[in-house]
Amino acid sequence: MRAPMLVLAGTALLALSACATPRAVGQGDVSAVKGAAVAAYASQADGDDAAFARAVQGQAISRLGGQTGSGQPAYLVQVGVAVAPPAMGVSSAAGALDTTAWRSQAEKRRWWQFWGHKGPARTVTLAVVDAKTGKTTAWSSIRVRKGEPADVADLLVYALQTPTLKTPAKS
């Protein structure tokens with residue numbers, strides 16, 4: 001009797017944890033970046049956030065397929081990191097393509113998340129900027145509490161390459 005209950009409880013916990021997987025939102029077209037000259041654009045973050053932003057930025061440029069150090073850049077890639085309380089959203093990390101889109105909505109704690117997340121979370125935003133015009137051609141954003149820069153970069157780039165909001169499968 002105990003074994004089926006434990007299996008059921010384990011399955012329920014796995015299903016609930018899958019719901020809590022962070023998802024990135026994004027907008028814009030990055031197809032022209034592949035193979036183009038790309039340069040990193042400095043972030044205004046400082047301390048640990050600056051190091052995290054640089055690491056995500058390097059990974060994102062690699063994932064986008066841009067060529068660094070090959071002459072005058074056609075695109076600039078910037079990664080910004082903002083820390084906000086859970087009840088506050090972030091919407092000004094990069095120029096908006098759609099004025100109704102949030103970079104990161106305020107967190108809504110679900111009823112089953114009784115343990116809560118009281119501390120602040122990082123909102124990481126990737127912006128791809130046309131170097132000639134200075135306009136944002138694409139952006140994506142995600143709110144994470146923890147995460148390796150490579151994983152965060154994967155989620156940010158994935159949000160720009162797919163029209164729907166999905167989480168990439170881990171291999």
Subject >> Distance in Å, L156 CG paired with D151 CG, rounded so as to fall on 0.5 Å steps >> reply: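 Between L156 CG and D151 CG, I get 11.0 Å after rounding to 0.5 Å.
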Subject >> Separation between CZ of F52 and CD of Q57, rounded to the nearest 0.5 Å >> reply: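 Going from CZ on F52 over to CD on Q57, the span is 12.5 Å.
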**OP:** List in chain and number order the residues that pass side-chain hydrogen bond (donor to acceptor under 3.5 Å, both in side chains) with T133, two or more places apart in sequence or in another chain; answer none if no residue qualifies.
**Re:**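 Not a single residue meets the side-chain hydrogen bond (donor to acceptor under 3.5 Å, both in side chains) criterion with T133.
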Original post:
Got L160 and L126 here, is their nearest side-chain heavy-atom distance under 4.5 Å?
Top reply: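 The answer is yes; the side chains approach within 4.5 Å.
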**OP:** For Y75 and D130, work out which heavy atoms get closest and say how close.
**Re:**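 Heavy atoms only, the tightest pair is CD2-CA, 4.1 Å.
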Original post:
So, T125 side chain and S141 main chain: donor-acceptor pair closer than 3.5 Å or not?
Top reply: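 No: the side chain of T125 does not pair with the backbone of S141.
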Original post:
When you measure from the side chain of T136 to the backbone N and O of V129, does any donor-acceptor pair fall under 3.5 Å?
Top reply: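 Pair absent, no side-chain N/O of T136 close to backbone of V129.
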For residues 59-69, which side-chain N or O atoms pair as donor and acceptor with protein atoms under 3.5 Å away, sequence neighbours left out?
from	atom 1	to	atom 2	distance (Å)
Q59	OE1	R63	NH1	2.6
Q59	OE1	R63	NH2	3.2
R63	NE	D154	OD1	2.3
R63	NH2	D154	OD1	3.3

Which donor-acceptor pairs under 3.5 Å do side chains of residues 34-47 form with protein atoms, sequence neighbours excluded?
from	atom 1	to	atom 2	distance (Å)
S43	OG	A45	N	3.2
S43	OG	V79	O	3.0

